[in-house]
Amino acid sequence: TAEFSPMRSDFEFQQQLGRGSFGVVYKVVRRSDRQSFVCKEIILQGISQKARDEANQEVKLLRKVSSGSRYIVQYICSFLEEESLHIIMEFCERGDLSDYLKKRDGLLLEEPTI
C-alpha cells in the first residue's frame, strides 16, 4: 500500500484564524473530500535550532496526546514544505477552550464539566 504523504496543495487555505510568534493558523479544506481542518504553519526559516526542536516536539506531543481522546483536538498529519512546518488538526467549529471561557463572561465551570 502506498502511504499518503500530504502536501500544501492537498489543502485549500481559507481564512486566517490566529497568529503567534512563530506561525499562523488557517482554516483549510482538504481537496479530496472537502473536509475542514486547521493548519498551523510554523515558518522555520530564520528561527533557532531550539525553536525548531520545540516545533518538532509539539508535533510528537500532539500526535501522542490526541490519539483517542475526544477532549483534545485531534492531530491529523504534518509535513515540511517551503521552509515551513504544517500541522493539520481537527477543526473545532465552536472554537477552543479560550473562546468558550470568554463567552461565559466570568462564569466558572461546574465541577462535572471540568
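Worth saying up front: this structure is predicted, and the values here are computed from it rather than measured.
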Is it the case that Lys27 places NZ or CZ above or below the six-membered ring of Phe91, under 6.0 angstrom from the centre and within 45 degrees of the axis?
->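 Output yes; distance and angle both within limits.
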Please check if Ile87 and Leu80 belong to a single hydrophobic cluster, counting links between Ile, Leu, Val, Met, Phe, Trp and Tyr side chain heavy atoms closer than 4.5 Å.
->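 Yes: a chain of side-chain contacts under 4.5 Å links Ile87 to Leu80.
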In terms of hydrophobic clusters joined by side-chain contacts under 4.5 Å, are Ile72 and Leu61 together?
->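 Result: yes, single cluster for both.
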When rounded to the nearest 0.5 angstrom, what is the spacing between [atom1] in [X] and [atom2] in [Y]?
X: Cys39; Y: Gln16; atom1: SG; atom2: CD; result: 11.5 Å
X: Glu83; Y: Ile43; atom1: CD; atom2: CD1; result: 10.5 Å
X: Cys77; Y: Ile88; atom1: SG; atom2: CD1; result: 5.0 Å

Taking only residues two or more places apart in sequence or in another chain, which ones pass side-chain contact (heavy atoms from CB on, under 4.5 Å) with Arg63?
->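 Arg63 satisfies side-chain contact (heavy atoms from CB on, under 4.5 Å) with Val59, Tyr75, Ser78 once adjacent residues are dropped.
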Heavy-atom side-chain contact between [X] and [Y] under 4.5 Å:
X: His86; Y: Ile42; value: no
X: Ser36; Y: Val28; value: no
X: Met89; Y: Leu62; value: yes
X: Val25; Y: Arg19; value: no
X: Glu41; Y: Tyr26; value: yes

Under 3.5 Å: donor-acceptor pair, side chain of Arg52, backbone of Leu44 =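 Checking the backbone N and O of Leu44 against the side chain of Arg52, a donor-acceptor pair under 3.5 Å is found.
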Return yes if some donor-acceptor pair links the side-chain N/O of Glu81 with the main-chain N/O of Arg8 below 3.5 Å, else return no.
->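 Yes; at least one donor-acceptor contact below 3.5 Å.
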Would you say that more than 12 heavy atoms from the other residues, nucleotides or ligands in this model lie under 6.0 Å from the [atom1] of [X], or not?
X: Gln15; atom1: CD; result: yes
X: Asp105; atom1: CG; result: no
X: Gln49; atom1: CD; result: yes

Step-by-step side chain to side chain contact (heavy atoms under 4.5 Å, CB included) determination, Phe79 to Ser5 | CA-CA 8 Å; Phe79 55 93; Ser5 185; over 6 Å; no
Trace of the side chain to side chain contact (heavy atoms under 4.5 Å, CB included) decision for Val29 with Gln14 | CA-CA 8 Å; Val29 174; Gln14 299 187 334; 3.4 Å; yes
Salt bridge (Lys or Arg N to Asp or Glu O under 4.0 Å) evaluation trace for Glu12 with Arg30 | CA-CA 6 Å; Glu12 180 182 303; Arg30 187 166 48 199; over 6 Å; no
Any donor-acceptor N or O pair under 3.5 Å, side chains Gln57, Asp53 |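 Result is no, nothing qualifies.
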Test Lys40 against Glu58 for side chain to side chain contact (heavy atoms under 4.5 Å, CB included), laying out the working first.
-> CA-CA 11 Å; Lys40 182 175 186 179; Glu58 179 180 352; 2.8 Å; yes
Begin with the C-alpha distance, continue with both residues' side-chain angles, and end with the deciding distance and a verdict on side chain to side chain contact (heavy atoms under 4.5 Å, CB included) for Ser66 and Val73.
-> CA-CA 6 Å; Ser66 76; Val73 172; over 6 Å; no
If the plane angle is over 60° it's perpendicular, under 30° parallel, otherwise tilted; pick one for Phe37 and Phe11.
->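 Perpendicular: the ring planes of Phe37 and Phe11 meet at over 60°.
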